[in-house]
Amino acid sequence: MNLLDGKVTAAAYKEKIAKEVSELKASGNRAPHLAAVLVGENPASVAYVNGKVKDCDEVGFKSTLIRLPEDISQEDLLSKVEELNNDEGLDGFIVQLPLPKHIDEKTVTLAIDPKKDVDGFHPENVGRMALNLPTYLPATPHGILMMLEHYNIETSGKHCVVIGRSNIVGSPMSILMARNANPGNATVTLTHSRTADLKAECLRADIIIAAIGKANFLTADMVKPGAVVIDVGINRVEDASRKRGYRLTGDVDFEGVSEKASWLTPVPGGVGLMTRVALLQNTLQAARG
Ligand code: GUN
């Protein structure tokens with residue numbers, strides 16, 4: 001089994017991005033500028049957003065973190081989004097999800113100017129992705145494509161099984177793998193909780209992308225020898241021996257599947273790092289215009 005190493009891949013892309021930022025600045029442009037809006041104190045969201053700010057620093061981007069109280073009204077949040085839409089000193093921004101229950105995520109997503117929607121969540125950008133038009137690709141699927149490209153993993157003509165049909169990972173991933181593009185040109189099966197025989201579907205796969213959010217869900221008996229396995233899961237599993245009382249584990253039973261797969265992503269140190277790099281890539285694209 002070969003490791004699809006997120007640390008190595010993310011570092012390679014970050015170096016490329018940092019070099020492009022230097023060139024942009026050398027030719028008189030300002031640094032790319034990303035803003036992140038964080039509503040409330042959700043610990044996972046705080047950690048994600050802090051990671052994004054740190055990534056920006058590393059590649060020479062400007063970043064702005066906008067922290068808003070948990071009880072902010074939807075109207076006030078929409079005013080903030082409008083202000084960011086009109087801020088010419090800003091290339092792109094994200095509103096970290098999930099939002100508090102009293103705020104409708106769809107309404108907020110629709111309010112973001114598609115040109116600044118570096119998450120690629122606005123329906124206009126989702127449509128552009130489906131039509132293979134230039135757009136911002138959602139960060140996790142984009143990061144996975146960048147990883148496949150970095151390791152020269154052949155996808156054309158391969159059978160790809162995606163597990164999970166979420167709006168931010170499984171559904172866009174299935175569209176991207178089937179597109180006439182490289183990586184892409186795969187024959188794709190999108191599976192979900194109502195799939196009749198998931199094991200049989202997985203056993204036919206040359207490439208499996210697991211994005212269901214269940215710890216150690218994909219086991220060795222579901223994997224064809226030589227398959228490429230991408231683990232999108234980040235699950236907290238109780239572990240009293242750890243300082244925080246939990247450890248992170250993916251949707252794939254790493255130990256078992258490593259006996260079968262030709263390539264496999266670890267958790268942590270795999271797709272999560274690529275998601276962060278993909279957001280940087282989208283922001284650079286926004287800055288270039
Ligand atoms: N919450 C979990 N993943 C994401 C993401 O990629 N973007 C935003 N905005 N929120 C998230």
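When a ligand or atom number is given, it counts from 1 through the structure's own listing order.
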* Could you work out the complete set of other residues in the hydrophobic cluster of Val53, with links drawn between I, L, V, M, F, W and Y side chains under 4.5 Å apart? => Leu38, Val46, Val49, Leu65
* Starting from Met1, walk the hydrophobic network (Ile, Leu, Val, Met, Phe, Trp, Tyr; side-chain heavy atoms closer than 4.5 Å) and list everyone else you reach, by chain and number. => Leu3, Val161, Ile163, Leu198, Ile208, Ile212, Phe217, Leu218, Met222, Val223, Val229, Val252, Phe254, Val257, Leu264
* To do: Would you mind listing the cluster partners of Leu133? Hydrophobic ones only (ILVMFWY), side-chain contacts under 4.5 Å, chaining allowed.
  => Leu131
* Asked: At a 4.0 angstrom heavy-atom cut-off, what protein residues surround ligand 1?
  -> Val95, Gln96, Leu97, Asp119, Phe121
* To do: Take Asp197 and Glu201 through the test side-chain contact (heavy atoms from CB on, under 4.5 Å) and record every step on the way to the result.
  => CA-CA 7 Å; Asp197 189 347; Glu201 300 295 346; 5.6 Å; no
* Any idea which heavy atoms bring Asp91 and Ala286 closest together, and the distance? -> O-CB, 3.6 Å
* Asked: Is it the case that Asn125 and Thr135 place a side-chain donor and acceptor less than 3.5 Å from each other?
  -> yes
